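First the structure, in the form of structure tokens, and then the observations on it.
As the structure lists them, so they are numbered: ligands from 1, and atoms in each ligand from 1. Just so we're clear, the structure is a prediction, and the values are computed from it rather than from any experiment.
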Amino acid sequence: MTTRIIGTGSCLPAQVISNDQLAQWVDTSDEWISSRTGIRNRRIVKDETGAWMASQAAKKALENANTDAEEIDLIVVATCSNDMQFPSTACQVQEAIGARHAVAFDISAACSGFLFGINTVHAYFSAGIYKKALVIGTEVLSKLVDWTDRSTCVLFGDGAGAAVVEAAETGLEGFVQYSDGSKGNVLTCSSRKIQNPLQETTEDYIRMNGQEVFKFAVKKVPECILQVLEQTGTKKEDIRWYVLHQANSRIIQSAAKRLGVPEEKFPMNMEKYGNTSAASIPVLLDEMNRNGMLTRGDRLILSGFGAGLTWGAAQIVW
Ligand code: ACO
């Protein structure tokens with residue numbers, strides 16, 4: 001018994017912000033951003049919330065899976081930018097979609113969140129506890145970036161993606177996942193400020209050592225993909241698509257090169273949405289699914305990497 005994705009959905013904010021528009025707010029240019037990251041546009045919330053986008057994505061995924069919300073046993077939402085400290089985004093989604101039999105909770109693993117969510121659900125399925133789940137990545141990173149810091153505000157975007165998964169005979173074939181808290185300081189964002197009688201802190205935004213994150217990603221992503229391929233006894237040529245977290249096109253190109261796999265097998269959409277952290281993999285999967293790029297039986301590698309540090313890869317059969 002394993003875990004199979006049976007439907008996908010996504011929801012992006014309506015407002016598109018281009019690199020040229022950003023250049024009116026900070027000292028940057030379309031040329032600088034697109035040549036270093038592959039990003040040309042991102043979506044930014046105006047009226048949308050993280051929970052609302054997650055619920056919309058979930059509804060579309062349920063429709064795509066031909067599944068009723070009442071059949072869902074478990075909702076796992078991966079996010080690092082919740083609208084509220086509590087209730088969790090997952091509980092808000094449960095209410096919005098009417099999944100009244102589901103247990104719901106959030107997980108925090110930054111850009112690896114969707115992948116870690118799939119693996120968490122897989123553990124529940126493997127233990128025979130649940131049979132049907134929703135795994136969602138949703139982010140409103142526009143509220144975590146310092147809009148005066150050109151080194152970070154150009155990179156991120158908002159959005160949500162969701163997958164309905166069920167216990168099945170084929171699906172997830174193997175995975176690896178890792179954390180290294182000792183390197184956590186290269187990419188941080190502190191929580192809301194403390195104002196108690198003993199101390200005060202200042203609110204902070206995303207802070208990143210871009211070059212260290214880059215070095216981490218280009219080393220660890222190919223490494224963990226090769227580990228999964230070895231674990232499952234699969235040749236890299238037999239993978240139809242490598243679906244990587246959409247942080248940066250140069251990271252993905254470098255991973256392709258190190259793996260010796262043609263870049264065409266690495267679909268990318270960061271040009272339209274920027275880096276949407278936990279949402280990036282399910283948003284891309286949903287686009288591929290709806291564009292007819294996925295055929296039953298295709299083998300895919302999913303790989304996420306991000307703050308924590310956290311990273312991992314999973315091999316699935318579509
Ligand atoms: N526009 C114009 N100039 C800029 C901008 C900008 N938006 N941002 C930084 N610069 C300037 C810097 O000030 C610096 O100027 P200086 O030389 O006069 O001091 C110069 O550009 C070079 O800065 P670097 O930080 O060295 O630029 P680098 O070539 O490393 O590119 C980048 C930065 C794109 C962030 C790169 O390090 C990278 O891709 N890192 C990976 C990080 C990433 O993708 N993070 C996403 C979040 S984490 C995740 O999802 C895993």
Hey, could you give me each pair passing salt bridge (Lys or Arg N to Asp or Glu O under 4.0 Å) that has a residue in residues 178-191? Not counting sequence neighbours.
-> Asp180-Lys183

Is there a donor-acceptor contact under 3.5 Å linking the side chains of Asn82 and Asp106?
-> yes

Residue pairs meeting ring-ring contact (aromatic ring centres under 6.0 Å, His included), one or both in residues 275-310, sequence neighbours left out, come to His245-Phe305

Backbone of Ala14 reached by a side-chain donor or acceptor of Lys46 within 3.5 Å = no

Asn64 side chain to Thr8 main-chain N or O, any donor-acceptor pair under 3.5 Å?
-> yes

Distances for all N or O pairs of ligand 1 and the protein under 3.5 Å?
residue  : atom   : partner : partner atom : Å
ligand 1 : 1 (N)  : Thr28   : OG1          : 2.7
ligand 1 : 3 (N)  : Trp32   : NE1          : 3.3
ligand 1 : 3 (N)  : Arg150  : NH1          : 3.4
ligand 1 : 7 (N)  : Thr28   : OG1          : 3.0
ligand 1 : 7 (N)  : Arg150  : O            : 2.9
ligand 1 : 13 (O) : Arg150  : NH2          : 2.9
ligand 1 : 21 (O) : Trp32   : NE1          : 3.4
ligand 1 : 26 (O) : Gln211  : NE2          : 2.7
ligand 1 : 30 (O) : Gln211  : NE2          : 3.3
ligand 1 : 37 (O) : Gly210  : O            : 3.4
ligand 1 : 39 (O) : Asn248  : ND2          : 2.5
ligand 1 : 40 (N) : Gly210  : O            : 2.9
ligand 1 : 50 (O) : His245  : NE2          : 2.9
ligand 1 : 50 (O) : Asn275  : ND2          : 2.8

Phe266: partners by ring pair (Phe, Tyr, Trp, His ring centres under 6.0 Å), with sequence neighbours left out | Tyr242

